[in-house]
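Notes for the one structure printed next.
Below, each value reflects all heavy atoms present in this structure, side chains not excepted, and no hydrogens, waters or symmetry copies. We count ligands from 1, going down the list as the structure has it; atoms in each ligand are counted the same way. Position 1 is the first residue of the sequence; numbering continues from there.
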Amino acid sequence: MSQITPSETKQLNLSFEDTEIAFASKNNFQLNKSYWIFAIMNLNWLVKLGTFFIKLFLFLHFPIKKLIKASIFQQFCGGESIEACNSTIKSLSDSQIGTILDFSVEGEENQKSFRSTKEEILKTIHKAHSNPSIPFAVFKLTGIFNTEILEKYQAEDKLNKQELADFEESKLFLKEICQLSADLKVRLFIDAEESWIQNTIDDLCYEMMATFNRETAIIYNTYQMYRIDMLDNLEMAYQKALENNYFLGVKLVRGAYIEKERQRAHEEEYSEPIHKEKSGTDKDFNLGLQFCLENIERIHFCIGTHNEESCLLLCQLMNEKVIAKNHPNIYFAQLLGMSDNISYNLAANGYNVAKYVPYGPVSAVMPYLFRRAEENSSIAGQTSREFALLKKEVSRRKNNEK
Ligand SMILES: Cc1cc2nc3c(=O)[nH]c(=O)nc-3n(C[C@H](O)[C@H](O)[C@H](O)COP(=O)(O)OP(=O)(O)OC[C@H]3O[C@@H](n4cnc5c(N)ncnc54)[C@H](O)[C@@H]3O)c2cc1C
């Protein structure tokens, strides 16, 4: 795998070190707030302790919602409703960054709850249609399908009558979502989840692609490159798209469920589907993006990553192949509140960039926020990177005031 050298970065005229651009949208107060949030998240023990007390206080109905809303919620979420995200959408758009509204509420496992999630997803598609700063919509299949049924379906266990009826109803929800996306020409990401339901998700995705991706890529499947088999899966998906004459929509990620995957493989005594080392994941991620780029006529893709090396590699390859920075089939995406140094510098350089903007009532998005905090404190490298960049910008501004 080719490594990016500093001279190549210079040749691209792109730097992820430019904190002035990265944090230009934050005033001093907002910058200091982010600084303190990442300072706390840098301390693993404090995150564990804080998570424990927040869970306890929420359980006891202590009035801490305001505090959460003014701190981590504001850092990582757009608002409690679609409308409440308007200022975030506008602020990102002022820096040429798109928004991907992500309804992050994990509802109950019943058809009523799935129906109401489906309605909310339809609203995000309408919103994307009405606002050119929203290039994609997104959802998780487990928001509209029962996870146990997806799992049984994949394991080829016989579904009972009720399960079969629920599965068919959820499939109608899926079709309705994809149909609206196609009618309104809003590109739609379907997130990837755990390996024991992912084959079912893949099959459903390809069925939708075969219907809705005839003229362009509307439906995008997600490929987790931490999985040993994923590069082959990506190549097979491409062949299938060629044979059946549709466009392949690809969101490339490393994968978010590593601990769960390893634990289950260990408990059920099958070999882990995940690369043994991070270097294996990194290698496949970078090969995956090269594969997509080589087949850009058929594959429309987005890399969802906070990894600077992978982002630079894609920029470098686009440069080598003389592909326009704002080529409509290529996107970079990060999560709101993270890796602004990547998002804002890429956008300032003319690349297509979007941020996932999670939203939902504070109490309902808490599981998402806990995961963010845990992930940030466990990936020490990433948090200390965020923290170092914020620190750099705080002192740059202080020096400028002198
Ligand atoms: C816009 C966007 C959309 C996303 N959508 C999804 C989605 O649909 N489904 C999903 O699962 N995730 C999704 N993610 C999360 C993503 O999969 C990663 O968990 C996260 O982005 C961290 O990886 P990275 O590429 O940013 O960077 P890095 O920090 O360089 O990589 C961290 C990742 O490397 C892998 N890794 C770490 N240690 C090891 C190890 N020892 N062995 C093997 N691999 C290792 C893991 O995947 C880990 O998450 C999304 C992320 C973004 C930014």
Is the Y359-F103 ring centre distance short of 6.0 angstrom? yes

Are any of the N/O atoms on [X], whether in the backbone or the side chain, positioned under 3.5 angstrom from an N/O atom of ligand 1?
X: G255; result: yes
X: D282; result: no
X: Y226; result: no
X: A192; result: yes
X: K251; result: yes
X: I258; result: no

Which ligand 1 atoms does [X] reach within 4.0 Å, using its non-hydrogen atoms?
X: A256; result: 10 (C), 11 (O), 12 (N), 17 (O), 19 (O)
X: A333; result: 1 (C), 53 (C)
X: T305; result: 24 (P), 25 (O), 26 (O), 53 (C)
X: H275; result: 42 (N), 43 (C)

R298 to F247 six-membered ring, cation-pi geometry met (6.0 Å, 45°): yes

With a 4.0 Å cut-off on heavy atoms, is R262 touching ligand 1? yes

Taking only non-hydrogen atoms of E193, do any sit less than 4.0 angstrom from ligand 1? no

Have a look at ligand 1 and work out which part of Y257, if any, has a heavy atom under 4.0 Å from it: side chain, backbone, both or neither.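 The answer is the side chain.
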
What do we get for Q224 next to ligand 1 when only non-hydrogen atoms under 4.0 Å count, side chain, backbone, both or neither?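 Q224 to ligand 1: side-chain contact only, backbone stays beyond 4.0 Å.
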
Within a strict 4.5 Å, meaning less than it, do heavy atoms of the I330 and L293 side chains meet? yes

Please state which option from L336, T222, T281 has its nearest heavy atom closest to atom 44 (N) of ligand 1. T281

Would you call the rings of F291 and Y238 parallel, tilted or perpendicular, where under 30° means parallel and over 60° means perpendicular?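 Rings of F291 and Y238: perpendicular, over 60°.
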
One thing to verify: whether E169 and R115 come together as a salt bridge, which I'm taking to mean a side-chain N less than 4.0 angstrom from a carboxylate O. yes

Decide if atom [atom1] of [X] counts as having more than 12 heavy atoms of other residues, nucleotides or ligands within a radius under 6.0 Å.
X: E108; atom1: CD; answer: no
X: Y270; atom1: OH; answer: yes
X: E268; atom1: CD; answer: yes
X: E148; atom1: CD; answer: no

Return yes if a side-chain donor-acceptor contact under 3.5 Å exists between Q334 and S339, otherwise no. no

